Amino acid sequence: MASMTIRNLDDGLKQRLRMRAATHGRSMEDEARDILRTALATNELIARNLADAIRTRLLSVGGIDLDIPPREPIREPPDFAA
C-alpha cells in the first residue's frame with residue numbers, strides 16, 4: 001500500500017477531522033482514508049464542455065423538446081449606401 005503526507009492542512013480542518021474520527025471511534029488516519037474512499041467511489045461523469053455540464057446538471061429535472069425551424073436561404077445584406 002502507498003503512503004501519503006498532507007502538508008499545510010488548516011488547523012480548523014484538522015480539528016474537524018479529529019472530531020469526526022472520534023465520533024466514529026477511529027483514528028484520524030483511518031477517518032481520512034474512509035473520507036477519500038467514499039469521495040472517490042462515486043463515478044460522476046465529468047462534463048467535457050459547458051453544454052454537457054448544463055445538460056448533466058438538469059437531467060434529473062427533465063426537459064422539453066423544441067421544434068427546430070427549417071433552414072432558410074441567407075438573406076441579402078442591408079444596403080447602407082443610400
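When a residue number appears, it is its place in the shown sequence, counting from 1. Keep in mind that what you see is a predicted model, and the values were worked out from it rather than measured.
- Between Ala21 and Ser27, the shortest heavy-atom contact is CB-O, 3.6 Å.
- More than 12 heavy atoms of other residues, nucleotides or ligands shown are found within 6.0 angstrom of CE on Met28.
- Counting only residues at least two apart or on different chains, the salt bridge (Lys or Arg N to Asp or Glu O under 4.0 Å) pairs with a member in residues 13-27 are Arg20-Glu31, Arg26-Glu31, Arg26-Asp34.
- Cluster annotation: Leu36 and Ile6 are assigned to the same hydrophobic cluster (Ile/Leu/Val/Met/Phe/Trp/Tyr, side-chain heavy-atom contacts under 4.5 Å, transitive).
- Atom CG of Leu13 and atom CG of Asn8 lie 12.0 Å apart (nearest 0.5 Å).
- Atoms CE and CD, on Met4 and Glu29 in that order, are 10.5 Å from each other to the nearest 0.5 Å.
- Separating the CD1 atom in Ile35 from the CG atom in Leu40 is a distance of 11.5 Å, to the nearest 0.5 Å.
- Note: Arg55 CZ to Asp52 CG = 5.5 Å, rounded to the nearest 0.5 Å.
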